[in-house]
Amino acid sequence: MSQALNKPPTTDELYRGYPKRLAEEAKYSKDRLLSHKTLPDSVPRQRGVRLPPDTSRETFDEAIAALQQELGKDNVVVNDKPLIDGWYLEHPNTHDAFHLVDQEDLVASAVAYPGSTRETQAIVRWANKYGIPLWPISMGRNLGYGGSAPRVPGSVVVDLGMRMNKILSIDAENASCVVEPGVSYFQLYEEIQKRKLPLWIDCPDLGGGSVLGNAIDRGVGYTPMGDHFANHCGMEIVLPTGELLRTGMGALPGKDGKDNPTWQSFQAAYGPYVDGIFSQSNFGIVTQMGMWLMRETGHQSYMFTFPRDEDFPAIVEAMRPLAQNRILGNIPQLRHIVQELNVTGLPKSHWYDKSGPIPRDVIREHSKQLPIGECSWVFYGTQYGDEASINTQLQLIKATFSSIAGTRFYLPKDLPDDHYIHSRAKVCSGVPVLRELDWLNWKPNAAHLFFSPITPTKGVDAQVVHDLNVKLHEKYNFDLFPTLCVAGREMHYITNIIFDRSSNDEKKRANALMRELIASAAAEGYGEYRTHLLYADQVAGTYNWGNGALLKFNETIKDALDPNGIMAPGRNGIWPKKYRGKGWEILGDENEKAVGGGTIAPKSKL
Ligand code: EUG
């Protein structure tokens with residue numbers, strides 16, 4: 001919400017709050033982050049309410065009044081107040097807290113809060129009537145990828161989470177649940193603890209996100225069930241015309257009007273498996289989703305360190321067979337040593353007081369003082385099962401990694417209580433935390449942006465992507481923070497570009513860096529699995545095999561399902577007919593031009 005709170009809410013107080021067990025951590029994290037802030041909480045709006053495209057103020061006011069009639073006055077709020085970037089747990093639903101263009105550019109005209117699937121359908125029908133674009137969010141914590149911000153300025157954000165945040169069911173025998181968009185990892189975890197069920201959830205690095213939203217954006221977690229979309233089972237979807245659809249076994253009505261008893265048991269059901277087209281798309285609003293849970297088990301987290309930067313391809317070669325054999329039980333992370341400095345939560349200035357990226361030899365000197373000592377790469381893994389099984393697995397893993405000279409092995413008990421490994425151990429056993437927020441202390445007014453290409457789990461390929469990252473981060477003067485999420489055949493090579501959102505120069509450089517990273521990775525054959533909304537067109541454009549066959553296919557589906565083009569136009573690079581070819585696509589340096597008073601705007605009328 002656009003109201004900065006003094007004390008962030010707990011999950012008991014508000015659906016998007018933090019669990020009480022993390023009270024101290026949340027307070028510490030927020031206080032520390034805000035201590036680096038030099039920007040004011042908010043500034044007066046320069047441009048007034050940003051109206052939907054080609055919509056007069058009169059039509060807008062009439063439309064808003066009509067929607068208020070339908071949902072209640074309090075559930076449709078015009079976005080005319082000052083914009084507040086807030087903090088992770090008090091993030092805005094009106095714009096991108098980590099704005100890469102001007103704060104006021106990618107903004108909502110209003111926010112609507114549906115209380116049910118029926119009301120969501122009503123909003124969609126309303127949008128069709130007035131030709132106003134919608135931007136649905138679950139919780140809006142898609143941070144580093146655009147947060148809550150709409151791609152088309154002046155869209156109406158449909159904030160589903162505010163009033164649709166129920167855990168609709170937990171089936172302990174089937175090890176599954178059904179959630180609404182506003183259920184966070186924190187909330188689902190706490191509920192399972194309260195009911196004392198022997199089940200785990202799978203969460204990403206930060207626990208405040210939406211279980212449903214992350215899965216349909218194809219996010220990743222770190223237990224053996226870390227592929228979130230692969231572990232969802234059944235959806236309820238409001239289509240862009242307002243019609244309702246249930247996928248999977250949910251398409252077969254249950255007895256006496258009940259939900260189908262196998263809806264959360266079998267994913268594909270009968271006929272084309274359509275769930276995929278509702279992930280990373282703008283073909284509908286998912287109002288309910290089934291998710292499989294994991295049965296609780298023994299677990300042991302651990303860490304390997306590798307001494308030399310040049311060990312990187314050898315580490316990748318060593319990981320591949322371990323992952324393909326499923327000896328690595330989860331999605332482990334391989335990080336560069338520089339991350340050991342920034343997960344301490346200390347600002348960059350603590351380590352290096354000059355401008356420009358922190359030099360490699362400075363990182364090396366500081367790493368000597370860390371509990372793990374001097375090294376270049378760190379591997380965070382977790383093994384699962386009973387003790388004997390875990391020990392056997394660890395023997396195999398140690399034997400494999402010992403092929404790299406100077407490798408060291410650590411267990412959590414070998415490291416101090418405040419070391420990051422203890423937080424990693426929680427995430428890898430399904431306990432959602434906040435620790436990763438400490439990255440953002442690196443710079444004052446820190447914002448971040450993810451570059452997220454997929455590379456094969458092969459040393460040669462990973463080295464190409466890594467070299468590109470090194471070269472281009474140097475060129476644009478940014479620190480490089482690589483984190484690799486490892487599977488047997490591919491790795492999500494994530495770099496977190498941290499920029500100061502008070503600096504137009506940093507914004508322009510971050511934009512230019514991102515554009516060049518996307519283009520040069522694609523030239524080598526590597527593409528992103530997900531991206532910030534400002535790069536959606538460019539990334540979609542790199543998937544252009546066969547004369548752009550994939551985008552044409554998506555546009556065909558889009559036009560069939562959304563003839564009026566009201567559902568999240570531009571999301572993931574898919575524009576409805578109404579907008580296509582009218583200058584909305586961002587393919588050049590429009591982002592950089594929009595920093596400092598420009599705007600992301602169409603070149604012609606719709
Ligand atoms: C991370 C991982 C992601 C992502 C963004 C961030 C990890 C950060 C695997 O996907 O999209 C530590």
Side-chain angles (χ1 to χ4, degrees), residues 29 88 96 98 138 141-147 185 202-211 213-231 279-280 301 303 319 323 328 330-345 377-382 420-421 423-428 432-442 446-455 457 462 465 469 479-498 514 517-518 521 526-533 535-536 539 572:
S29 179
Y88 179 65
D96 185 3
F98 298 150
S138 297
R141 288 195 176 130
N142 200 14
L143 301 174
Y145 293 119
Y185 295 100
D202 184 282
C203 49
D205 298 80
L206 285 171
S210 159
V211 174
N214 185 284
I216 62 174
D217 224 40
R218 301 201 294 265
V220 172
Y222 303 98
T223 75
M225 292 171 74
D227 181 343
H228 291 164
F229 193 70
N231 286 290
S279 70
Q280 290 196 6
S301 290
M303 182 178 188
M319 293 189 301
L328 296 177
N330 68 340
I331 299 177
Q333 279 189 352
L334 179 69
R335 297 176 165 214
H336 192 260
I337 181 68
V338 66
Q339 260 103 307
E340 293 292 306
L341 301 186
N342 82 359
V343 290
T344 62
W377 295 94
V378 295
F379 175 91
Y380 284 104
T382 304
Y420 176 69
I421 196 169
S423 162
R424 202 78 226 139
K426 288 202 177 96
V427 172
C428 294
V433 295
L434 282 170
R435 174 73 188 262
E436 211 79 41
L437 285 175
D438 285 350
W439 286 62
L440 287 180
N441 294 315
W442 193 250
H448 70 97
L449 167 66
F450 291 126
F451 173 59
S452 315
I454 299 293
T455 118
T457 313
V465 175
N469 264 310
D479 291 303
L480 172 63
F481 299 113
T483 299
L484 291 96
C485 303
V486 181
R489 292 171 184 81
E490 62 79 28
M491 301 184 292
H492 289 43
Y493 182 134
I494 311 290
T495 60
N496 200 358
I497 302 165
I498 302 183
M514 189 70 169
L517 282 168
I518 294 166
Y526 308 111
E528 283 65 57
Y529 96 100
R530 189 175 179 189
T531 200
H532 188 286
L533 72 175
Y535 312 97
V539 170
N572 291 86

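Both counts, for ligands and for their atoms, begin at 1 and track the order of listing.
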Atoms in ligand 1 flagged as close to [X], the criterion being non-hydrogen separation under 4.0 Å:
| X | value |
| --- | --- |
| Arg530 | 11 (O) |
| Tyr145 | 4 (C), 5 (C), 11 (O) |
| Val220 | 9 (C) |

How many angstroms lie between [atom1] in [X] and [atom2] in [Y], if you round to the nearest 0.5 Å?
| X | Y | atom1 | atom2 | value |
| --- | --- | --- | --- | --- |
| Asp205 | Gln333 | CG | CD | 5.0 Å |
| Glu528 | Ile454 | CD | CD1 | 9.0 Å |
| Leu143 | Leu449 | CG | CG | 12.0 Å |
| Asn469 | Thr495 | CG | OG1 | 4.5 Å |

Fit a plane to each ring of Phe450 and Tyr145, take the angle between them on a 0 to 90° scale, and name the class: parallel (under 30°), tilted (30 to 60°) or perpendicular (over 60°).
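Aromatic pair Phe450/Tyr145 classed tilted.
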
In terms of the angle between their ring planes, are Tyr380 and Tyr420 parallel, tilted or perpendicular, with boundaries placed at 30° and 60°?
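Aromatic pair Tyr380/Tyr420 classed perpendicular.
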
Nearest neighbour in protein (non-hydrogen) for atom 7 (C) of ligand 1:
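Checked against all protein heavy atoms, atom 7 (C) of ligand 1 sits closest to Asp205 OD1, 3.5 Å.
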
Considering heavy atoms of the protein only, find what lies nearest to atom 10 (O) of ligand 1 and give residue, atom and distance to 0.1 Å.
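The closest one turns out to be Tyr529 OH, 2.9 Å.
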
Selected option - heavy-atom contact closest to atom 9 (C) of ligand 1, from Pro482, Cys485, Gly221, Gly219
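Looking at heavy atoms only, Cys485 sits closest to atom 9 (C) of ligand 1.
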
If you measure from atom 5 (C) of ligand 1 to every heavy atom of Trp439, Phe451, Phe450, Phe481, which option wins on shortest distance?
Phe450

Pick one of side chain, backbone, both or neither for how Arg335 approaches ligand 1, counting any non-hydrogen atom pair under 4.0 Å.
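It is the side chain that touches ligand 1; the backbone stays farther off.
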
Scan Asn496, Thr483, Thr344 and name whichever one has a side-chain hydrogen bond (donor to acceptor under 3.5 Å, both in side chains) with Gln339.
Thr483

Is ligand 1 less than 4.0 angstrom away from at least one heavy atom of Tyr222?
yes

